[in-house]
Amino acid sequence: MQELSTTLLVVGGGPGGYVAAIRAGQLGVPTVLVEGARLGGTCLNVGCIPSKALIHAAEAYHHAKTPETPFGLRLQGASLDFAKTSAWKDRIVDRLNAGVGGLLRKQKVTVIEGWAEIQDGKTCIVRSAEGPRRIRAEHLVVATGSVPVEVPSLPFGDSILSSTDGLALTSVPESLAVVGAGYIGLELGMAFAKLGSKVAVVEAADKILPAWDAELTRPVARRLQALGVEVIIAAVAQGLSSDRKALVVATAQDGNRLIAAEKILVAVGRKPCVDGFGLERLHLARDRAFIKVDARCATSMRNVWAIGDVTGEPMLAHRAMAQGEMVAEIIAGRRRVFDPASIPAICFTDPEIVSVGLSPQPARDLGNDIVVGSFPFAASGRAMTQGDDSGFVRVVARAQDHVLLGVQAVGAGVSELAAAFSLALEMGARAEDVAATIHAHPTRGEAFQEAALGAFGHAIHF
Ligand code: FAD
Ligand code: FAD
């Protein structure tokens with residue numbers, strides 16, 4: 001068998017793994033990256049990127065179909081060639097995929113295509129097209145990510161789609177039932193509703209986006225209604241009807257219901273990818289199924305590190321990347337810990353939701369005495385001129401010294417405000433710092449400044 005020795009072996013080429021490898025390469029650490037599917041992992045190939053492409057195309061089509069805008073624009077006969085949409089989305093993925101390959105090459109990272117089978121904490125065997133290879137390394141980074149959770153009575157296949165299958169559709173289904181009103185189910189469900197599918201969403205909890213507070217999710221619930229999406233809460237998907245043409249749902253109010261659907265998208269969460277590649281040989285400490293890591297992403301075995309979705313919540317690409325960069329620096333001899341002030345979370349629903357740091361109730365639950373300031377986009381000139389003034393920005397500050405504990409927003413395009421919110425928290429800003437920063441006019445960002453002013457009761461424009 002061909003043998004290869006290196007300093008760092010990274011298993012998994014998603015945002016966690018490829019960033020770790022690039023940074024290690026920059027620092028001169030000899031690095032091998034093994035990827036079984038495609039560079040970029042879930043995020044680039046079947047997650048963040050294709051979903052945002054689909055959402056963009058769906059929004060553009062929906063907009064073009066709107067009979068008449070308030071400013072008098074009337075577009076007639078708008079049509080969408082969805083096969084072309086799908087091909088466009090695939091081209092973006094291909095371009096980014098090639099880009100990641102180029103960045104790795106530039107840093108002299110050896111990329112091996114194939115599935116790694118872990119032998120021990122320093123060795124793995126990769127079965128690639130060129131035959132099996134044994135790779136030995138001083139450090140092993142496990143960055144194998146996560147996979148969609150299946151509902152046992154709704155196994156993926158045929159008309160039952162995972163998020164990966166949903167993103168690979170080349171025609172718009174006439175009707176779509178979505179199981180799970182988490183961010184993935186709602187992002188894709190809303191996109192398909194805009195593309196013309198009749199969509200129903202089934203959620204076991206008693207509200208959509210159960211992890212988010214009701215104030216933030218209300219504008220999304222309203223938009224779902226406006227789009228004609230049926231939302232059925234407190235309802236558990238049971239399986240398919242005997243003719244396989246409908247989803248059987250047990251509801252708290254009306255007993256069992258049938259929801260006819262051409263396709264059923266199951267988006268009930270993701271689980272770590274920890275099985276089938278010899279990881280159990282390492283007997284690593286676990287946190288439920290996830291690999292347990294400390295603040296340096298060290299596992300319970302010396303020189304074995306784990307980053308990204310395989311280490312637990314929040315399962316987000318930017319967390320994986322930040323951990324990857326940090327671990328590479330630690331392996332190169334630098335002193336680092338993973339201790340961000342916050343990890344921003346975004347739902348790319350319509351409207352978008354951003355949350356950075358603590359929302360009011362969790363802040364109170366942690367014993368904080370807080371002040372809250374909120375500014376509605378209905379009072380924002382920019383939001384009005386963009387034709388969508390739903391939503392608001394909200395700041396949560398400690399009462400005693402006004403240090404910001406959290407910032408949230410819901411509204412069109414607020415994902416782009418996440419950077420400002422995160423920076424404020426990371427810099428330990430007080431509400432006064434944000435209030436005293438001149439924000440350009442007219443922008444949605446002004447709502448952040450106004451919300452900070454609102455925390456002391458003197459927003460100027462509200
Ligand atoms: P992954 O991206 O899952 O990569 C792991 C890689 O390891 C995979 O490529 C896999 O093939 C490879 N691998 C596994 N086992 C082996 C092995 N034995 N040998 C070789 N290779 C192996 N996050 C956001 O931050 N923003 C978003 O907007 C967002 N949208 C999403 C939308 C959808 C539909 C989905 C499904 C996810 C979304 N996410 C989003 C989550 C994001 O994709 C993940 O958090 C991120 O990809 C995790 O990165 P990772 O490197 O930990 O793992
Ligand atoms: P989830 O968000 O877990 O949603 C799945 C939904 O399906 C749940 O609401 C569940 O009640 C419902 N469901 C399950 N089974 C059934 C059934 N049989 N019938 C009907 N409904 C069912 N993780 C946290 O721990 N806390 C957070 O605050 C948090 N915030 C996040 C914010 C963002 C923007 C993102 C991108 C991720 C966040 N995560 C959080 C991580 C997230 O939970 C994981 O990345 C992943 O599990 C989300 O995938 P999902 O949308 O498929 O599942």
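In this structure, CZ in Phe338 is found 12.5 Å from CG in Asp294, a value given to the nearest 0.5 Å. Here OG1 of Thr299 is found 4.5 Å from CG of Leu284. Values are rounded to the nearest 0.5 Å. Note that CZ of Phe290 and CE of Met315 are 4.0 Å apart. Values are rounded to the nearest 0.5 Å. For the atom pair CG (Asn45) and CD (Glu35), the distance works out to 8.0 Å, reported to the nearest 0.5 Å. Atom-to-atom distance recorded for Ile49:CD1 and Leu54:CG is 13.0 Å, nearest 0.5 angstrom. Note: Thr31 OG1 to Leu104 CG = 9.5 Å, rounded to the nearest 0.5 Å.
Listed here is the closest heavy atom pair of Ser159 and Leu240: OG-CD1, 4.4 Å. Closest approach of Gln408 to Ser355, counting heavy atoms only: CG-OG, 3.5 Å. Minimum heavy-atom separation, Thr85 to Ala57: CG2-CB, 3.4 Å. In this structure, Val202 and Ala237 approach most closely via the heavy-atom pair CG1-N, 4.3 Å. Contact record, Leu44 with Leu39: CD1-O, 4.3 Å, taken as the closest heavy-atom pair. Of all the heavy atoms in Cys347 and Leu209, the pair that sits closest is SG-CD2, 3.9 Å.
With respect to the salt-bridge test (charged N to carboxylate O, under 4.0 angstrom), the residues Glu230 and Arg257 qualify. Lys207 and Asp213 are not joined by a salt bridge, as no carboxylate oxygen comes within less than 4.0 angstrom of a charged side-chain nitrogen.
Side-chain atoms of Asp401 come within 3.5 Å of backbone atoms of Val403 as a donor-acceptor pair (strictly under, hydrogens ignored). The main-chain N or O of His63 is found under 3.5 Å from a side-chain atom of Thr66 such that the two form a donor-acceptor pair. Under the 3.5 Å distance criterion, the side-chain polar atoms of Asn368 are matched with a main-chain donor or acceptor of Ala363. Formation of a donor-acceptor pair under 3.5 Å by the Glu325 side chain with backbone atoms of Ile22 is not found in this model. Side-chain atoms of Gln449 come within 3.5 Å of backbone atoms of Thr437 as a donor-acceptor pair (strictly under, hydrogens ignored). Glu262 contributes no side-chain N or O that, together with a main-chain N or O of Pro173, makes up a donor-acceptor pair within less than 3.5 Å. Under the 3.5 Å distance criterion, the side-chain polar atoms of His318 are matched with a main-chain donor or acceptor of Pro344. Side chain of Lys263 to backbone of Gly166: no donor-acceptor contact under 3.5 angstrom is found. Side-chain atoms of Gln386 do not come within 3.5 Å of backbone N or O of Asp388 as any donor-acceptor pair. With hydrogens and angles ignored, the 3.5 Å screen pairs no side-chain donor or acceptor of Glu68 with any backbone N or O of Arg74.
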Stepwise side-chain contact (heavy atoms from CB on, under 4.5 Å) test for Ile331 and Trp305: CA-CA 10 Å; Ile331 290 169; Trp305 313 81; 3.8 Å; yes
Candidate pair Cys297 and Thr311, rule side-chain contact (heavy atoms from CB on, under 4.5 Å), full reasoning: CA-CA 8 Å; Cys297 287; Thr311 65; 5.7 Å; no
Derivation and outcome, side-chain contact (heavy atoms from CB on, under 4.5 Å), residues Leu453 and Ile460: CA-CA 8 Å; Leu453 281 166; Ile460 299 292; 4.1 Å; yes
Step by step, work out the side-chain contact (heavy atoms from CB on, under 4.5 Å) result for His439 and Val434. CA-CA 9 Å; His439 285 66; Val434 178; 4.1 Å; yes
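Here the side chains of Ser300 and Lys292 are not in contact, with every heavy-atom distance at 4.5 Å or above. Residues Glu450 and Val393 have side chains not in contact (no heavy-atom distance under 4.5 Å, counting atoms from C-beta outward). Side-chain contact check for Ser51 versus Phe348: every heavy-atom pair is 4.5 Å or farther apart. No side-chain heavy atom of Leu417 sits under 4.5 Å from any side-chain heavy atom of Val354. You'll find the side chain of Asp433 stays beyond 4.5 Å of the side chain of Met427, heavy atoms only. Counting only heavy atoms from C-beta outward, the side chains of Arg23 and Leu27 approach each other to under 4.5 Å. In this structure, Pro442 and Met384 have side chains that are not in contact, with every pair of non-hydrogen atoms separated by 4.5 Å or more. Between Ile259 and Ile232, the closest side-chain pair of non-hydrogen atoms falls below 4.5 Å.
Atom CD of Glu416 sits in a sparse spot, with 12 or fewer heavy atoms from other residues, nucleotides or ligands closer than 6.0 Å. By the 6.0 Å contact criterion, CD on Glu426 is enclosed, its count of non-hydrogen atoms from other residues, nucleotides or ligands being greater than 12. In the displayed structure, His458 atom NE2 is contacted under 6.0 Å by more than 12 heavy atoms of other residues, nucleotides or ligands. Environment of NZ in Lys52: crowded, with over 12 heavy atoms of neighbouring residues, nucleotides or ligands closer than 6.0 Å. Remark: Asp94 CG is packed, more than 12 non-hydrogen atoms of other residues, nucleotides or ligands lying under 6.0 Å away. Other residues, nucleotides and ligands contribute over 12 non-hydrogen atoms within 6.0 Å of the CG atom of Leu366.
A donor-acceptor contact closer than 3.5 angstrom links the side chains of Ser390 and Arg223. The closest side-chain donor-acceptor pair between Gln225 and Arg222, if any, does not fall under 3.5 angstrom.
Considering Asp350, Val231, Ile353 as possible partners of Val220, the one that fulfils the side chain to side chain contact (heavy atoms under 4.5 Å, CB included) test is Ile353.
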Identify each donor-acceptor pair in which a side-chain atom of residues 140-153 lies under 3.5 Å from a protein atom, sequence neighbours left out, and give them as a table.
residue: Thr144; atom: OG1; partner: Cys273; partner atom: O; Å: 2.7
residue: Ser146; atom: OG; partner: Arg270; partner atom: NE; Å: 2.9
residue: Ser146; atom: OG; partner: Arg270; partner atom: NH2; Å: 3.2
residue: Ser146; atom: OG; partner: Asp309; partner atom: OD2; Å: 2.7
residue: Glu150; atom: OE2; partner: Phe156; partner atom: N; Å: 2.9
residue: Ser153; atom: OG; partner: Gln238; partner atom: O; Å: 2.6

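Using bins of under 30°, 30° to 60° and over 60° for the plane-to-plane angle, the ring pair Phe421/Phe448 lands in the perpendicular bin. Between His56 and Trp88, the two ring planes are tilted [angle within 30° to 60°].
Arg444 pairs by the salt bridge (Lys or Arg N to Asp or Glu O under 4.0 Å) definition with nothing, not counting sequence neighbours.
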